[in-house]
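Beneath this line is the structure, given in structure tokens, with notes to follow.
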Amino acid sequence: MATSYSRNEPKPQQQRPPEPIPDCEEKDNATQKSINVIKKGYCDKLFTAKHNVRKLEIVYEGKERIYKKRERRYLHIQDNYQRYVNTEISIGSQLMEANKRVTTNVTSYKTWDDNLAAALKNIFTAIKDVKSKLNDLRDAAIKLDNSRYDSCSVSQWSILTGKNPDNCKDDQKPPPHKPEGCKDIEEIIDLLICMPKALAFDIDSIFKKSSDIIGIEKFCNVVSLVSLQGELSTKAKDFDDFLQATIKLRKTDLDNSQKDLVQSLQDRTDAVIDIYNQRCDYDGAYKTVDEICCPKCNCVDDGCGNCEPRLERCECEICEICEEVRDAFINIPDDGGQPQPAPAPAT
């Protein structure tokens, strides 16, 4: 903004000292005395304008230094402000959005963990119940096995298997035929006796490992994610709030610095224009003094008599100047691109 303007704006050049006004031969008459009075006034004005030009040049140098200082400060604040804005866009906003998603995920993980813990507890309870019943089944299998050698159960075994047990008396005869549903009774009885023992070992292993799985679930400690996520959420919000507050503060500093920069630029521009105006006054006073000291008017006809007009050539030269000015205005186009009409001659 201001930097490009300051680079392109023309700076006031140092004034070249004018050539000294040559001394002229002055006549000792009333006209010359009147001219000398006027000349003295313009000479004083010339010296005053010269000092004013130098004073305004010093003022401009000070305004220029102030402007450069404020320009550097503005650019520094602008760079710092933009850094925080970029950080908020690239990190702060993403951090806050990611924190929302993490919060949702942690809530889901906590729910799933609670459901898993409840399910594992129910499974453990069911396994415990099965273990208790399998113990009863194992005890029943042991009793069944013991009944083979119990004399009180010889008749039942003989009927089921069609054989006499080893401890039976010889006078006890087995039935001639096995019942229709007892063809594979011996294998079935052996399974009923041995399987409960194996199942008891299996259910004991399942019981122990289900307890271990519950321990693993507790050891994973998914609940700790809730506190960690809460801490992350707090720190993320603090970080984003810090960025937002700093951006707001830097924006205020940037606006104030921009106002100061614009004001110093206006002051510098005024100083430049004041120098140009004062130099115009100085050049005008210098030219006036030069003309008063050594008039270069050659249009007066000194050879005419006292009773003849002597300023006809001066009148013609003034008319030529009017023609030049009129031609200059005619050649200047107006806003529509058309040459402006020449001003009406004075009557």
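Residue numbers count from 1 along this sequence. FYI, side chains are in, hydrogens and waters are out, and symmetry mates aren't considered; it's all heavy atoms of this structure.
- Linking ILVMFWY side-chain heavy atoms closer than 4.5 Å, directly or via other members, places Ile89 and Tyr84 in a single hydrophobic cluster.
- Although no hydrogens or angles enter the test, the distance criterion places a donor-acceptor pair under 3.5 Å between the side chain of Asn256 and the main chain of Thr252.
- When atom types are taken as modelled, the side chain of Asp129 and the backbone of Thr125 share no donor-acceptor pair closer than 3.5 angstrom.
- Note that CG of Leu95 and CD of Glu88 are 9.5 Å apart. Values are rounded to the nearest 0.5 Å.
- The existence of a salt bridge linking Arg279 and Glu57 is confirmed by a sub-4.0 Å separation between a basic side-chain nitrogen and an acidic carboxylate oxygen.
- For the atom pair NZ of Lys69 and CD1 of Ile66, the computed distance is 8.5 Å after rounding to the nearest 0.5 Å.
- Look at Lys287 and Asp283 and you find no salt bridge, because none of the NZ, NE, NH1 or NH2 atoms lies under 4.0 Å from a carboxylate O.
- Residue Asn277 holds its CG atom at 7.0 Å from CD1 of Ile273, rounded to the nearest 0.5 Å.
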- request: Starting from the C-alpha separation in whole Å, work towards a yes-or-no answer on side-chain contact (heavy atoms from CB on, under 4.5 Å) for Arg54 and His51.
  value: CA-CA 5 Å; Arg54 181 54 190 154; His51 293 303; 5.7 Å; no
query: Can Asp139 and Lys143 be said to form a salt bridge (Lys or Arg N to Asp or Glu O under 4.0 Å), step by step?
result: CA-CA 6 Å; Asp139 293 340; Lys143 292 178 179 179; over 6 Å; no
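- The two residues Ser257 and Arg70 have their closest heavy-atom pair at OG-O, 4.3 Å.
- With contacts defined as side-chain heavy-atom distances shorter than 4.5 Å, the pair Gln78/Leu75 qualifies.
- Under 4.0 Å is where a charged nitrogen must lie from a carboxylate oxygen, and between Asp212 and Lys209 at least one such pair does.
- Salt bridge status for Asp241 with Lys237: present, with a side-chain N to carboxylate O gap under 4.0 Å.
- Leu265 and Val59 fall into different hydrophobic clusters, where Ile, Leu, Val, Met, Phe, Trp and Tyr side chains are chained together by heavy-atom contacts under 4.5 Å.
- When all heavy atoms of Leu254 and Tyr74 are compared, the pair lying nearest together is CD1-CE1, 3.5 Å.
- A donor-acceptor contact shorter than 3.5 Å links the side chain of Asn135 to the backbone of Lys131.
- Judged by distance alone, the side chain of Asn115 and the main-chain N or O of Thr111 form a donor-acceptor pair under 3.5 Å.
- For Glu315, the side-chain hydrogen bond (donor to acceptor under 3.5 Å, both in side chains) test picks out no residue, with sequence neighbours left out.
- Using modelled atom types, one finds no donor on one side chain facing an acceptor on the other under 3.5 Å when comparing Asp270 with Gln266.
- Through ILVMFWY side-chain contacts below 4.5 Å, Ile142 is grouped with nothing and stands alone.
- Applying the 4.5 Å side-chain rule to ILVMFWY residues, one finds Leu120, Ile123, Phe124, Ile127, Val130, Leu134, Leu137, Leu199, Ile203, Ile206, Phe207, Ile213, Ile214 in the same cluster as Leu116.
- To the nearest 0.5 Å, atoms NZ (Lys235) and CG (Asp240) are separated by 15.0 Å.
- Hydrophobic clustering (side-chain heavy atoms under 4.5 Å, transitive across Ile, Leu, Val, Met, Phe, Trp, Tyr) keeps Leu249 apart from Tyr81.
- In this structure, a donor-acceptor pair under 3.5 Å is absent between the side chains of Asp274 and Gln278.
- The closest donor-acceptor contact from the side chain of Ser108 to the backbone of Thr104 lies under 3.5 Å.
- Closest approach of Ala141 and Ile193 over heavy atoms only: CB-O, 3.7 Å.
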message: Does Glu217 form a side-chain contact (heavy atoms from CB on, under 4.5 Å) with Asp113? I'd like the steps, not just the answer.
response: CA-CA 8 Å; Glu217 185 272 334; Asp113 184 67; 2.7 Å; yes
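- Using bins of under 30°, 30° to 60° and over 60° for the plane-to-plane angle, the ring pair Tyr109/Trp112 lands in the tilted bin.
- At a threshold of 4.0 Å, the pair Asp255-Lys251 counts as salt-bridged, since one of the basic side-chain nitrogens sits closer than that to a carboxylate oxygen.
- Hydrophobic clustering of Ile, Leu, Val, Met, Phe, Trp and Tyr side chains at less than 4.5 Å, counting indirect connections, keeps Leu225 apart from Leu232.
- To the nearest 0.5 Å, atom OG of residue Ser264 and atom CZ of residue Arg73 are 11.5 Å apart.
- Considering every non-hydrogen atom in both Ser227 and Ser224, the closest pair reads OG-O, 2.8 Å.
- What you find for Arg250 and Ile77 is that their closest heavy atoms are O-CG2, 4.0 Å.
- The CG atom of Asp260 lies 8.5 Å from the CD atom of Gln263; values are rounded to the nearest 0.5 Å.
- Closest of all the heavy-atom pairs between Lys63 and Arg268 is CB-CA, 4.0 Å.
- A distance-only check finds a donor-acceptor pair linking the side chain of Thr246 to the backbone of Phe242 [under 3.5 Å].
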